[in-house]
Amino acid sequence: MSSTEIQNSGEEPCVRLEHLPGKSPHLTGKASPQVNNRWDTPQVTANGVHDIEDRILRITGYYGYKPGYSSHRREDGSDSHAETPVSETSGDGTAYQTCVNTVLKVLGGLLVVLCVSSCWVGITQVVQLTFKSFSCPFFITWFSTNWNILFFPLYYSGHVATTREKQTPIQKFRECSRLFGEDGMSLKVFLKRTAPFSILWTLTNYLYLLALRKLTATDVSALYCCHKAFVFLLSWIVLKDRFMGVRIVAAIMAITGIVMMAYADGFHGDSFMGVAFAVGSASTSALYKVLFKMFLGSANLGEAAHFFSTMGFFNLIFISCVPLILYFTRVEHWGSLSSLPWGYLCGVAGLWLVFNILVNVGVVLTYPILISIGTLLSVPGNAAIDVLKHEVIFSVVRLAATCIICLGFLLLLLPEEWDMVTLRFLTTLADKKTEEHGEELTESSVHTRSRSRANGAVSIPMA
């Protein structure tokens with residue numbers, strides 16, 4: 001590039017001398033004429049730093065060069081540096097708040113898990129205590145189901161206490177009735193939607209109590225955990241859910257545990273009937289959940305409270321005749337009402353109501369997988385009580401069957417993307433090991449070079 005540039009702009013040609021590097025761009029005592037060249041050169045500063053940088057970028061043909069680029073870049077850099085602390089502070093605050101919320105959610109989930117497990121263990125143990133003086137499983141089931149009527153009033157009380165926008169009970173009831181459709185609740189919908197689920201609910205609990213009359217609490221609670229495998233099989237067949245090989249393995253393990261449990265005392269007698277009742281309870285529970293997902297979909301806490309209270313009303317109105325029939329046919333006969341163990345009956349009903357509330361509240365407040373783990377933890381809880389209090393001795397076959405069922409239950413809790421997550425984790429771990437190995441090799445090579453230089457050896461690089 002020449003040191004003199006001549007520009008024809010329609011006026012007399014003017015000459016501008018380029019200053020040499022290291023020299024001052026101004027002549028002392030002379031006014032510098034303003035020249036509009038094609039580069040639109042910015043005003044030169046006192047030390048000429050910005051102007052020199054702009055000329056270097058222009059000469060080298062820097063892509064995207066604009067006059068004054070270096071000065072603008074420095075100004076932008078200063079602005080960004082000035083704004084960085086604020087953004088970093090806000091980002092750190094958001095990350096801290098997210099971390100705190102996650103920790104609180106996990107701790108709340110663990111608390112709900114312990115409560116769910118304790119309630120289920122309490123139900124199982126109190127029912128067995130009740131059978132010592134009052135062996136009427138259907139009456140206990142009917143009496144406990146009636147307590148579900150209290151679910152919606154308790155939910156509405158919590159809603160009033162925790163929200164600012166108050167609604168009347170009728171308004172809230174109609175809002176939660178949308179679970180049954182846009183038209184809300186009607187007699188036809190009440191009979192069509194509530195009757196099947198109420199019958200399945202009663203059968204599930206009734207068969208569970210029948211199994212408790214034949215088997216120990218540990219065996220029944222372990223066999224009931226098979227309902228998770230039945231839910232998967234029904235969802236795969238009926239709802240066309242995604243096929244997962246690991247869940248098929250878990251279902252096979254559950255069936256294997258059932259067969260081993262039935263084989264423990266031979267395929268006859270009370271033990272076999274108890275296993276059949278427990279498996280029947282798990283099957284009806286799975287059918288209840290799959291049908292609920294098919295016809296009603298998912299429900300929030302208010303809709304779940306409405307649904308449980310509706311089932312309680314249906315049980316009170318339409319199923320109350322069954323205990324009377326069993327009483328007059330002497331299938332389940334009891335004496336006077338004053339002779340009934342009302343303490344145990346209210347204890348079972350109260351624990352069942354609390355269990356249902358905790359399950360539905362826990363799904364909203366924490367992770368659903370933790371609620372399932374709470375049900376699984378009832379198995380070791382019942383086993384501890386059976387061993388310490390009832391002095392039950394478990395056979396090797398029963399212990400193996402219980403462990404297989406519980407392991408299958410845990411496999412069913414794996415998420416659908418567990419294989420991709422596992423592969424991603426293993427790949428990240430392998431890359432990290434490779435980087436660490438490369439750093440070790442680099443450090444060793446540097447150490448070797450330093451030792452060779454210390455010994456007087458000189459390495460000459462190849463051209």
Side-chain angles (χ1 to χ4, degrees), residues 115-155 157 194 197-221 224 274 277-278 280-281 284-285 288 305 307-360 375 378 381-382 385-386 389-390:
C115 294
V116 167
S117 178
S118 301
C119 286
W120 195 245
V121 171
I123 292 170
T124 307
Q125 296 295 329
V126 174
V127 165
Q128 288 194 330
L129 292 176
T130 308
F131 282 157
K132 294 180 179 180
S133 57
F134 184 73
S135 183
C136 299
F138 194 89
F139 182 86
I140 298 174
T141 302
W142 171 82
F143 181 77
S144 302
T145 306
N146 288 335
W147 282 48
N148 286 338
I149 299 174
L150 301 175
F151 201 151
F152 185 80
L154 292 174
Y155 163 75
S157 301
T194 308
F197 294 106
S198 183
I199 293 172
L200 287 174
W201 177 272
T202 302
L203 279 177
T204 299
N205 296 334
Y206 178 57
L207 292 174
Y208 188 85
L209 298 188
L210 286 177
L212 286 175
R213 290 204 304 184
K214 306 292 184 180
L215 300 174
T216 62
T218 305
D219 295 340
V220 176
S221 58
Y224 183 75
F277 288 143
S281 176
T284 52
S285 175
Y288 169 90
F307 183 75
F308 273 90
S309 294
T310 305
M311 284 201 307
F313 275 112
F314 184 91
N315 181 79
L316 181 63
I317 297 172
F318 294 99
I319 304 183
S320 297
C321 60
V322 179
L324 294 177
I325 295 173
L326 295 178
Y327 174 80
F328 288 112
T329 56
R330 299 220 172 240
V331 176
E332 289 188 1
H333 185 74
W334 61 89
S336 62
L337 295 178
S338 59
S339 63
L340 297 181
W342 291 110
Y344 287 147
L345 292 176
C346 293
V348 173
L351 286 173
W352 229 316
L353 177 62
V354 173
F355 176 81
N356 293 328
I357 293 175
L358 287 174
V359 168
N360 290 277
T375 305
S378 65
N382 282 314
I385 295 177
D386 287 341
K389 185 177 180 180
H390 304 294

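Predicted model, so just to flag it, every value in this text is computed and none were measured.
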- Who passes side-chain hydrogen bond (donor to acceptor under 3.5 Å, both in side chains) against Ser338, sequence neighbours left out? Ser336

Flag side-chain contact, heavy atom, 4.5 Å: [X] against [Y]:
X	Y	result
Tyr208	Thr124	yes
Thr202	Phe138	yes
Leu345	Phe139	yes

Once rounded to the nearest 0.5 Å, what's the spacing between atom [atom1] of [X] and atom [atom2] of [Y]?
X	Y	atom1	atom2	result
Ile123	Ser221	CD1	OG	12.0 Å
Cys346	Leu353	SG	CG	12.0 Å
Phe308	Thr145	CZ	OG1	10.5 Å
Trp120	Cys115	CH2	SG	16.0 Å
Phe197	Ile199	CZ	CD1	11.5 Å
His333	Cys136	NE2	SG	9.0 Å

Over all atoms of both residues, closest heavy-atom pair of [X] and [Y]:
X	Y	value
Trp342	Leu337	NE1-O, 2.7 Å
Ile140	Phe131	CD1-CE2, 3.8 Å
Gln128	Leu212	NE2-O, 3.5 Å
Gln125	Ala217	NE2-CB, 3.5 Å

- Task: Would you tell me whether Thr284 and Thr204 have side-chain atoms, one donor and one acceptor, within less than 3.5 Å of each other?
- Result: yes

- Query: Cut-off 3.5 Å, side chains only: do Ser285 and Tyr224 have a donor facing an acceptor?
  - Reply: yes

Under the side-chain contact (heavy atoms from CB on, under 4.5 Å) test, residues paired with [X] that sit two or more places apart:
X	result
Pro341	Thr130, Ser133, Phe134, Tyr344
Leu210	Pro137, Tyr206, Leu207, Arg213, Phe277
Ser118	none
Val354	Cys119, Leu358

Could you go through residues 311-327 and list every donor-acceptor pair under 3.5 Å that involves a side-chain atom there, pairing it with any protein atom two or more places apart or in another chain?
from	atom 1	to	atom 2	distance (Å)
Asn315	ND2	Trp142	O	3.2
Asn315	ND2	Asn146	OD1	2.5
Ser320	OG	Trp142	NE1	3.2
Ser320	OG	Leu316	O	2.4

- Would you say Asp386's side chain and Thr216's backbone share a donor-acceptor pair under 3.5 angstrom? no

